[in-house]
Amino acid sequence: MSLTKDFVKISGELFEYLFPEGIPRNSFIIIAGKGGSGKSVFLISIVKSLLNRGEPVLYMALDDDPKTVIQQISALNFNVVDYVKKGLFFIVDGYSYRIRGEHRKMHVSVIAEVDPQNMQHTINTVITILDENKFIDRGVLVIDSLNEFLSHYKQEELVEYVKDMRANISKARGITILASLHTSTQVAKDMLNYVEHCVDGVIIARRSSLAETQTSFKILIKRMKGVRHQQGWVHYALDEYRELKILHKVTK
């Protein structure tokens with residue numbers, strides 16, 4: 001992955017095909033799809049590429065506990081703990097607030113715990129961590145997922161918070177935000193329609209039936225501001241090295 005101040009060019013066959021010039025660094029991008037559509041594989045593969053080149057990653061774990069997040073990343077043949085030790089990978093734990101009583105930090109990568117029911121405090125905590133660890137014009141914030149906030153806030157409220165994060169993190173600090181959204185419910189689908197005009201990019205993930213002998217997915221760049229990108233569905237799968245391999249290029 002080569003980097004400039006204004007663009008992030010992610011390495012790997014799939015990403016280099018989708019984004020030949022990379023993606024604008026100051027982007028807020030939503031990766032949306034139903035359960036099992038490959039969102040996590042796609043997102044974690046980006047995280048893996050970033051860390052391999054020394055870019056810091058702040059991962060907001062909302063859907064799962066930090067241990068599960070680490071297991072998912074490790075499934076791609078990647079020892080993320082090495083990057084925790086280097087000060088490049090951090091988790092904001094937005095899951096453990098559900099645990100009653102005293103509990104210890106769930107993983108060495110956890111830098112802070114937040115309660116997503118208090119969105120303003122959550123955003124302030126994230127911004128403080130980004131500033132303290134010098135993420136300015138580098139690195140990525142992963143939000144996994146926006147659905148947790150959707151559980152606590154009305155659509156209109158969440159849209160305003162998305163605008164807040166985009167303005168203060170992506171635009172003011174030059175930090176890419178990648179946020180997943182599970183669209184298995186009508187509420188989440190409506191949310192995507194409601195918020196997509198407020199963000200810089202929307203990527204749609206689905207399962208693909210193209211490969212008979214392996215789990216395959218397809219991806220569509222619905223929109224991406226400020227950069228050339230592929231149009232149409234691209235089919236891909238994990239190869240034996242746990243890398244994303246293109247199975248079929250653009251289809252309508």
Side-chain angles (χ1 to χ4, degrees), residues 1-31 39-61 66-93 105-112 125-144 165-166 168-180 200-201 203 224 226-227 229 236 238-239 241-245:
M1 182 189 68
S2 63
L3 300 165
T4 68
K5 183 177 179 180
D6 297 324
F7 287 84
V8 180
K9 189 167 172 39
I10 308 167
S11 61
E13 180 184 62
L14 177 63
F15 300 114
E16 291 169 8
Y17 177 71
L18 292 173
F19 309 109
E21 301 165 4
I23 57 176
R25 185 174 288 281
N26 64 344
S27 297
F28 189 124
I29 299 168
I30 293 177
I31 302 168
K39 295 186 304 299
S40 294
V41 169
F42 189 85
L43 190 55
I44 291 172
S45 294
I46 294 176
V47 168
K48 178 180 175 180
S49 177
L50 288 166
L51 289 173
N52 270 331
R53 297 296 184 178
E55 284 267 330
V57 174
L58 181 60
Y59 197 110
M60 193 185 303
K67 288 183 180 179
T68 300
V69 170
I70 296 300
Q71 288 168 357
Q72 290 175 331
I73 296 175
S74 299
L76 292 184
N77 290 340
F78 191 68
N79 187 2
V80 73
V81 175
D82 289 343
Y83 294 90
V84 175
K85 294 176 181 177
K86 294 177 182 178
L88 290 174
F89 183 81
F90 314 87
I91 287 181
V92 172
D93 182 357
K105 190 166 68 171
M106 295 193 73
H107 191 268
V108 67
S109 59
V110 174
I111 194 170
T125 299
V126 167
I127 289 175
T128 297
I129 294 168
L130 293 171
D131 287 348
E132 288 178 348
N133 290 278
K134 300 179 181 179
F135 271 63
I136 305 300
D137 289 326
R138 69 188 192 117
V140 62
L141 168 65
V142 175
I143 303 173
D144 189 18
M165 288 188 283
R166 179 173 179 261
N168 288 285
I169 297 174
S170 295
K171 303 306 178 183
R173 289 170 169 80
I175 300 167
T176 306
I177 298 178
L178 301 174
S180 63
D200 301 287
I203 298 173
M224 190 66 63
V227 70
H229 58 86
Y236 69 96
L238 278 172
D239 65 16
Y241 303 107
R242 312 305 286 173
E243 300 290 342
L244 303 187
K245 175 184 177 182

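- Contacts of Tyr83 classified as ring pair (Phe, Tyr, Trp, His ring centres under 6.0 Å), with partners at least two apart in sequence or in another chain: Phe78.
- For the residue pair Gly22 and Val227, the shortest heavy atom distance occurs at O-CG2, 3.0 Å.
- When side chains are defined from C-beta on, Ile169 counts as touching Val126, because their heavy atoms get closer than 4.5 Å.
- Here the closest heavy-atom approach between residue Phe7 and residue Pro24 is recorded as CD2-N, 3.8 Å.
- To the nearest 0.5 Å, the span separating CD1 on Ile129 from CD1 on Ile91 amounts to 11.5 Å.
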Hey, mind stepping through Leu76 and Leu238 against side-chain contact (heavy atoms from CB on, under 4.5 Å) and telling me if it holds?
CA-CA 9 Å; Leu76 292 184; Leu238 278 172; 3.8 Å; yes

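- Distance check: Asp6 CG to Ile23 CD1 gives 13.0 Å after rounding to the nearest 0.5 Å.
- Here the straight-line distance linking atom CZ of Phe90 with atom NE2 of His107 works out to 13.5 Å at 0.5 Å rounding.
- With sequence neighbours excluded, the residues that form a salt bridge (Lys or Arg N to Asp or Glu O under 4.0 Å) with Lys171 are Asp200.
- With sequence neighbours excluded, no residue forms a ring pair (Phe, Tyr, Trp, His ring centres under 6.0 Å) with Phe135.
- Of the N and O atoms on the side chains of Asp144 and Ser180, at least one donor lies less than 3.5 Å from an acceptor on the other residue.
- When all heavy atoms are compared, the tightest approach of Ile44 to Gln72 is CD1-CB, 3.7 Å.
- In terms of heavy atoms, Leu88 sits closest to Gly54 at CD2-O, 3.6 Å.
- In this structure, Phe89 and Tyr59 have side chains that are in contact, with non-hydrogen atoms separated by less than 4.5 Å.
- Rounding to the nearest 0.5 Å gives a distance of 12.0 Å between OG of Ser74 and CZ of Arg242.
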Go through the steps to decide whether Val142 and Met60 satisfy the test side-chain contact (heavy atoms from CB on, under 4.5 Å), and finish with yes or no.
CA-CA 6 Å; Val142 175; Met60 193 185 303; over 6 Å; no

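- Between Lys245 and Leu14, every side-chain heavy-atom pair lies at or beyond the 4.5 Å cut-off.
- A heavy-atom distance below 4.5 Å is found between the side chains of Ile177 and Ile143.
- A search for side chain to side chain donor-acceptor pair (under 3.5 Å) contacts involving His229 returns nothing, not counting sequence neighbours.
- A distance of 13.5 Å separates NZ of Lys48 from CD1 of Ile10, quoted to the nearest 0.5 Å.
- Nearest heavy atom pair, residue Leu178 against residue Ile46, reads CD1-CG2, 3.7 Å.
- For the atom pair Leu43 CG and Ile203 CD1, the distance stands at 9.5 Å (nearest 0.5 Å).
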Go through it in stages, so that I can follow the logic: the residues are Leu50 and Val8, the test is side-chain contact (heavy atoms from CB on, under 4.5 Å), and I'd like the CA-CA distance, side-chain angles, deciding distance and then a yes or no.
CA-CA 9 Å; Leu50 288 166; Val8 180; 4.0 Å; yes

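- Residues passing the ring pair (Phe, Tyr, Trp, His ring centres under 6.0 Å) test with Phe42 are Phe15, sequence neighbours excluded.
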Run the side-chain contact (heavy atoms from CB on, under 4.5 Å) check on Val41 and Leu244 step by step: do they pass?
CA-CA 9 Å; Val41 169; Leu244 303 187; 3.4 Å; yes

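- Panel note: side chain Ser109, backbone Val84; no donor-acceptor pair is recorded below 3.5 Å.
- The residue from Arg138, Arg25, Lys9 that alone fulfils the salt bridge (charged side-chain N to carboxylate O under 4.0 Å, His left out) condition with Glu55 is Arg25.
- Between Asp131 and Arg173 there is a salt bridge, with a side-chain nitrogen of the basic residue lying less than 4.0 Å from a carboxylate oxygen of the acidic one.
- Applying the salt bridge (charged side-chain N to carboxylate O under 4.0 Å, His left out) definition to pairs two or more places apart or across chains, those involving residues 13-22 are Glu21-Arg228.
- Side-chain contact check for Thr176 and Ser27: no donor-acceptor pair (N or O, by modelled atom type) lies under 3.5 Å.
- With a 4.5 Å cut-off on side-chain heavy atoms, Lys105 and Asp93 do not count as touching.
- Leu58 is not listed as a side-chain neighbour of Val140, based on a closest heavy-atom distance of 4.5 Å or more.
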